Number of protein chains: 2
Amino acid sequence: MGRLPSRKPTSFDIAYLAGVSQPTVSRALRGSPSVSKATRDRIEQIAQELNYRVDKNASSLRSQHSKTLALLFFEDPAPDGSHINPFFLSMLGSITRQCALRCYDLLISFQQLSGNWHIDYQDSHKADGLILLGYGDYEQYRERLTNLVDQGTDFVRWGLPLTDEPGLTLGSDNYGGGLAAVRHLIEQGRKRIAFIGTASSHAPEFEARWKGYRDALAEAGIAYDPALQAEGFSAETTGENAIAQFLDQGRKFDAVFAASDLIAIGAMRALQAAGKTIPGDVAIAGFDDIPAASMTAPPLTTVMQDLKAAGEALVTALIRKIDGEEVQSCALPVKLMVRGSSR
Amino acid sequence: MGRLPSRKPTSFDIAYLAGVSQPTVSRALRGSPSVSKATRDRIEQIAQELNYRVDKNASSLRSQHSKTLALLFFEDPAPDGSHINPFFLSMLGSITRQCALRCYDLLISFQQLSGNWHIDYQDSHKADGLILLGYGDYEQYRERLTNLVDQGTDFVRWGLPLTDEPGLTLGSDNYGGGLAAVRHLIEQGRKRIAFIGTASSHAPEFEARWKGYRDALAEAGIAYDPALQAEGFSAETTGENAIAQFLDQGRKFDAVFAASDLIAIGAMRALQAAGKTIPGDVAIAGFDDIPAASMTAPPLTTVMQDLKAAGEALVTALIRKIDGEEVQSCALPVKLMVRGSSR
DNA sequence: ATAAGTTGCGTATACGTATGCAAACTATGC
DNA sequence: GCATAGTTTGCATACGTATACGCAACTTAT
């Protein structure tokens, strides 16, 4: 620590000080078994004294892998500086932590679904694999996913698992979550349960939640009423508009299952503005368990997606794939969080 | 697009096809003026046909800069998988977007304040500059910041601006925000206003908000009552505990200014649990305007930090610094959002 | 027509690391 | 005392790009 070298130290500097060649330094620091303990110890000590760090650019260039994962986050409608979907934001935290644990760096990038990210990242060699996160019209994905698979790019996607989509997909048990939420509403004595959120295959995760809703109704012998369904993506306005529509049309309902918490929160607000009590007049359940869900009044009953497990699963699966192992898509369990909005 | 090359194309491949040398390809693609238009066009077309991407590792190694910023996020208490502070999470979105606009990649990393990040990132050459984000006991920072400055690392920090800390610090006008919030509470006729959040220099931003609080009281000729202050960092439990303490001690108060929205939300919850009405019995104001702030019942009056502007300012300032320009610390304006919790 | 300046490109090389291969050295066996 | 196997190290080179320098051709000025 006497003087700081004018230049950043390289493996050559260490080699010189240790009286060995540069390749020996490289081997020693990377843990190669073919270097003697004495030499390794000497090299490690000198490296520490000089505050030496491997130049990751040089290392990646030579070894052709970067120990870095890229997280591509999609937003379909052009973001006008508005807030990011809080669910994905939370997931990001989990992924970041998991990457740190696995000694991978994480590169983050926002993308438009319509962009050409599928060719941008696969060749620049900045990342060894891709994590795809986001929402939007699902059909746009397919072509690009196929493209990625063709190019041999390693990636995992958060979405509806166990489908025959190209590549590897992990996701929560959306169907099971929908089933559990609606069963719960039925147990609370509700009979006319509305669903807000698209049931189309353009949003497969919402569709799966909707299927859970339908099957729960069927189980209980409650007829499905299409008039109690409103379309929309994940946003508060969707919930507000849906409730306004129901009330305008004079629909009778005593519960709402919203395909996401944002929708549910919007619906709650609109109902309360219209003088309805929750859960007295209308019970509500959402999906996601975003941070705000427990802060509403009353707190929102919702299906919790285990973000910690999700981040772990995504990162673990991707790294396995990079390492050439066979990885299976799988569905992660969810948990119903019963709160004040439904009891 | 006829056949896909077995190997990733390099600048040599393009050079061969274009009948020029490799350096000419490099110059053409980087926009050097010393290559003729005809040659450049030919090269660009071939590059496009081959789906060529510059290898960023090689490029960074040679040019010694990576066009990448690293975002270091700190959490002081070891994260037990709990949620990340939503304020910083939102900021992250803003920073990410701004990086994309400026054609920089963003590398994200979680750190413990106590770690040795200050030497880890400065030499690995993966990033050209650092953005420091987070909270925790401020004193731990100083030594490391000084270290960074000494090593010539470029960085910006989100914190209390206009201080004499080492390096460059940007942040909101915490003092002005506190002043505005408490002035507003006073205008609503409140006289006994509590403050929740530490007033110590270990958390300079909270301290500045507290100073705004005190000065607003002084302006209005209201005596400062130390019994109406409770210590704590940004968490819901802080707010809950503080309210419990006030009520236990039989303190009389008709308003609360919380140093953060999380604290304010905890306080609201505790007050409502104790049968107090908001804003009838107690008016509440927070700080940050996290997404959940507008979803509480009643919606929370708070001081909005302009995250979009903050992200822009941080990224812009850092890039300027990297480019060798002189950059000044500065305070960003905040905006009081008056909502139901205070009127 | 020649000197000086300009344009456009090629030559050579450097960035710092990782790895195949061969060489040296040590240990073991007969 | 020599051959064989095992261990540890050095040599040479490759990864793909960017840039200092030089050289030719071509313009403009005298």
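Just so we're clear, the structure is a prediction, and the values are computed from it rather than from any experiment. In the text below, chain A, chain B and the rest are named by the order of the sequence lines, each starting its count at 1.
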So with a 6.0 Å cut-off around [atom1] of [X], is the heavy-atom count from everything else above 12?
| X | atom1 | answer |
| --- | --- | --- |
| B:Q48 | CD | no |
| A:Q328 | CD | no |
| B:R42 | CZ | yes |

Got a sec, which residues hit salt bridge (Lys or Arg N to Asp or Glu O under 4.0 Å) with [X], two or more places apart in sequence or on another chain?
| X | value |
| --- | --- |
| A:D105 | A:K56, B:K126 |
| B:D41 | B:K37 |
| A:R30 | none |

Whole angstroms only, please: what is the [atom1]-[atom2] distance between [X] and [N]?
| X | N | atom1 | atom2 | result |
| --- | --- | --- | --- | --- |
| A:D55 | D:dT17 | CG | P | 17 Å |
| A:I43 | D:dG10 | CD1 | C1' | 13 Å |
| A:L61 | D:dA14 | CG | C1' | 9 Å |
| A:L29 | C:dA18 | CG | C1' | 12 Å |
| B:K8 | D:dT17 | NZ | P | 6 Å |
| A:H125 | C:dA18 | NE2 | P | 17 Å |
| B:R53 | D:dT17 | CZ | P | 13 Å |
| A:I14 | C:dT17 | CD1 | C1' | 12 Å |

Item to check | N/O donor-acceptor pair under 3.5 Å between B:R157 side chain and B:T169 backbone | outcome: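 No, because the side chain of B:R157 does not come within donor-acceptor range (under 3.5 Å) of the backbone of B:T169.
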
Next on the checklist: Generate the contact string for nucleotides 6-14 of chain C. Rules: B means base contact, S means sugar-phosphate contact only, - means no protein heavy atom under 4.0 Å.
Outcome noted: --BBBBB-B

Next on the checklist: Does either side chain, that of B:Q45 or that of B:E49, offer a donor lying less than 3.5 Å from an acceptor on the other one?
Outcome noted: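 There is such a pair (donor and acceptor under 3.5 Å, judged by atom type) between the side chains of B:Q45 and B:E49.
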
Checklist entry - Looking at A:Q64, does any N or O in its side chain come under 4.0 Å of the phosphate oxygens OP1/OP2 on D:dG16? => result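 It does, given that an N or O in the side chain of A:Q64 lies less than 4.0 Å from OP1 or OP2 of D:dG16.
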
Item to check | Below 4.0 Å: OP1/OP2 of D:dG16 and any side-chain N or O of B:T10 | outcome: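 False: B:T10 side-chain N/O out of range (4.0 Å or more) of D:dG16 OP1/OP2.
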
Report, one line per pair, each donor and acceptor closer than 3.5 Å where one atom sits in a side chain of residues 309-319 of chain A; sequence neighbours left out.
residue: A:T316; atom: OG1; partner: A:E312; partner atom: O; Å: 2.6

Item to check | Degree of bending in the helix from C:dA4-D:dT27 to C:dC30-D:dG1 once both end axes are built from five pairs, to 10° | outcome: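 About 50° separates the two local helix axes.
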
Next on the checklist: For a quick check of understanding: with a heavy-atom distance under 4.0 Å over all strands, which category does A:S26 fall into, base, sugar-phosphate or nothing?
Outcome noted: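 If one applies the 4.0 Å heavy-atom cut-off, A:S26 turns out to touch a base.
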
